[in-house]
Protein chains: 2
Amino acid sequence: MGKRILFVDDDASILLLVSDVLSDAGLTVRTAGSGEEALEIIQQEFFDLIVLDIMMKGISGLEVCARIRGQVECPILFLSAKDDARDIIRGLGLGADDYLTKPFVLEELVARIQAHLRRQERIAPQRPPQSILQIGEICLNPEEMTVSKAGNPVSLSTKEFELLAYLMRNAGQTLSRERIFRDVWKTDFGDLGTVAINIKNLRVKLDPDWSYIKTVWGSGYRFVTRSGYAEEGKHYEH
Amino acid sequence: MGKRILFVDDDASILLLVSDVLSDAGLTVRTAGSGEEALEIIQQEFFDLIVLDIMMKGISGLEVCARIRGQVECPILFLSAKDDARDIIRGLGLGADDYLTKPFVLEELVARIQAHLRRQERIAPQRPPQSILQIGEICLNPEEMTVSKAGNPVSLSTKEFELLAYLMRNAGQTLSRERIFRDVWKTDFGDLGTVAINIKNLRVKLDPDWSYIKTVWGSGYRFVTRSGYAEEGKHYEH
DNA sequence: CGGGGTTCTTAATAATTCTTTATAATTGCG
DNA sequence: CGCAATTATAAAGAATTATTAAGAACCCCG
């Protein structure tokens with residue numbers, strides 16, 4: 001479900017037009033036709049971003065902003081026909097985050113809204129309480145960057161840790177070297193042998209008998225889903 | 001000490017004019033005359049916000065943005081003579097946060113910059129410096145400048161104390177050496193090795209097994225958010 | 001004004017991690 | 001069995017970080 005936007009304007013046609021476009025962009029839109037209505041809605045519902053028209057009869061957008069700033073900490077974007085710099089400065093000074101003058105290009109409004117939402121994500125990412133991963137006797141704690149096997153702590157380097165986390169998150173799937181390298185190293189150029197080496201390091205440190213990290217010949221690697229029984233034994237004898 | 005702004009434009013007169021105005025507004029301004037210069041500076045220093053002119057000879061502002069977005073998470077504001085909505089949308093799509101067309105009113109630029117900085121504060125506020133910080137069995141009292149571990153007092157030097165307080169206030173985040181140095185030492189020139197040394201001192205005094213202060217290879221340091229049980233053991237053996 | 005001690009910084013050295021390169025081992029197939 | 005493709009291991013080099021040690025700056029106290 002998309003982010004929630006509150007759009008406040010006393011021009012019904014704009015309200016309709018914009019809410020259509022924003023919906024198409026995957027956002028959930030709630031509209032209000034006046035400052036009074038907006039204040040009421042804001043008390044009751046949560047929004048990720050609020051768009052306020054400044055020139056409205058009754059309570060103006062500026063006043064709405066001044067009243068809710070302090071209670072609500074989502075980004076606020078002003079919309080106004082006045083393009084005088086003084087008004088813009090005053091609007092931003094009230095605690096708003098952006099100011100767009102009418103008439104505006106719809107796509108620019110969408111782009112600006114998404115820029116704000118993106119920033120919100122980047123700064124305060126909703127951390128889905130990074131769950132602890134446990135498969136067999138291997139336990140990985142993303143929060144503390146720690147790994148243990150049968151209760152005993154195992155010390156891994158950063159890359160080894162990231163690789164293990166990636167494998168465990170995608171346990172059961174066979175992952176190609178290309179995909180692993182792209183997702184864990186996050187670069188396009190580089191040597192795929194690097195993956196093999198880190199796989200080996202992991203095996204040496206916490207999987208000497210290859211119980212967890214299997215090699216799928218010609219395809220890639222696979223972390224077993226449940227471990228324990230199906231002891232397969234390593235492929236290589238040395 | 002004001003927030004640090006990087007201002008990039010190949011027009012020297014604008015560079016001078018704007019940096020004056022921003023300085024008057026209490027901000028610390030660093031300037032770059034080309035995209036190449038900007039990229040180099042960004043690798044070495046930390047900024048709270050970056051202003052990029054789009055039309056520059058050599059590496060354009062758009063390209064600078066594309067390259068640093070991902071590494072740098074501060075707000076980026078574009079400046080351009082082109083007021084075509086398509087350019088604005090493209091700019092914002094690249095991960096920028098705002099777009100202002102030339103010619104612009106200086107005060108509006110200042111207002112927009114401050115709006116972004118204000119929001120940064122609101123979203124990711126440094127925890128109030130006065131409150132007592134406790135993470136795991138480490139307890140820090142800013143009021144009395146004292147630190148204790150599991151109830152036993154630990155004696156730290158001034159800089160060590162400030163560094164620990166900074167780390168604990170920003171627990172959970174990975175903090176680059178540049179950023180730590182700027183925020184704790186509050187000077188621009190100096191050796192980043194100083195940070196490493198004080199980190200080591202802290203570890204010796206109250207974190208001999210690296211349970212709290214983690215090294216994020218290639219990035220910086222990170223104070224764990226919750227700590228305690230899962231004792232890990234250090235990476236280095238000696 | 002000093003002395004004595006602590007703290008801070010700089011510089012040099014050691015240790016670790018990551019990547020690349022090279023070599024050995026294994027698998028699949030004829 | 002032998003060849004080619006694939007994977008594993010080993011070792012070296014570069015980059016990053018940790019540690020050590022020594023000199024400079026600072027502060028407190030007489």
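Remember, predicted model here, so these are calculated numbers, not experimental data. These values consider heavy atoms only, across backbone and side chains, with no hydrogens, waters or symmetry-generated copies. Sequence lines set the chain letters: A, B, ... in the order given, protein chains first and strands last, and positions in each chain run from 1.
OP1 or OP2 of C/dT19 sits under 4.0 Å from a side-chain N or O of A/Trp185. Look at A/Ser157 and you'll find a side-chain N or O under 4.0 angstrom from OP1 or OP2 of C/dC18.
In summary, B/Lys102 and B/Asp9 engage in a salt bridge, as defined by a charged side-chain N under 4.0 Å from a carboxylate O. A salt bridge links B/Asp84 with B/Arg86: the closest approach of a Lys/Arg side-chain nitrogen to an acidic carboxylate oxygen falls below 4.0 angstrom. Using a 4.0 Å cut-off between charged side-chain N and carboxylate O, A/Arg177 and A/Asp191 make no salt bridge.
Near DNA chain C, meaning a heavy atom under 4.0 Å from it, residues 192-203 of chain B has B/Thr194, B/Ile197 in order of number. The stretch residues 171-183 of chain A touches DNA chain D through A/Arg177, each having a heavy atom under 4.0 angstrom from the strand.
You'll find that the side chain of B/Tyr221 is closest to D/dT17, out of D/dT7, D/dT19, D/dT17. Side chain of A/Asp191, nearest nucleotide from C/dT20, C/dT10, D/dT16: C/dT20. In the set D/dA8, D/dT19, D/dT16, D/dA8 carries the atom at the smallest distance from any side-chain atom of A/Trp210.
Contacts of B/Ser155 with the nucleic acid, taken as non-hydrogen atoms under 4.0 Å apart, are absent.
There is no side-chain donor-acceptor pair under 3.5 Å between B/Thr28 and B/Arg182. Remark: the B/His116 side chain and the B/Asp98 side chain contain an N/O donor-acceptor pair separated by less than 3.5 Å.
Rounded to whole Å, atom C1' of C/dC8 lies 13 Å from atom CG of B/Leu163. Note: CD (A/Glu160) to P (C/dT19) measures 11 Å, nearest angstrom.
The side chain to side chain contact (heavy atoms under 4.5 Å, CB included) with B/Leu164 is formed by just one residue from the set B/Glu162, B/Met168, B/Glu160; it is B/Met168.
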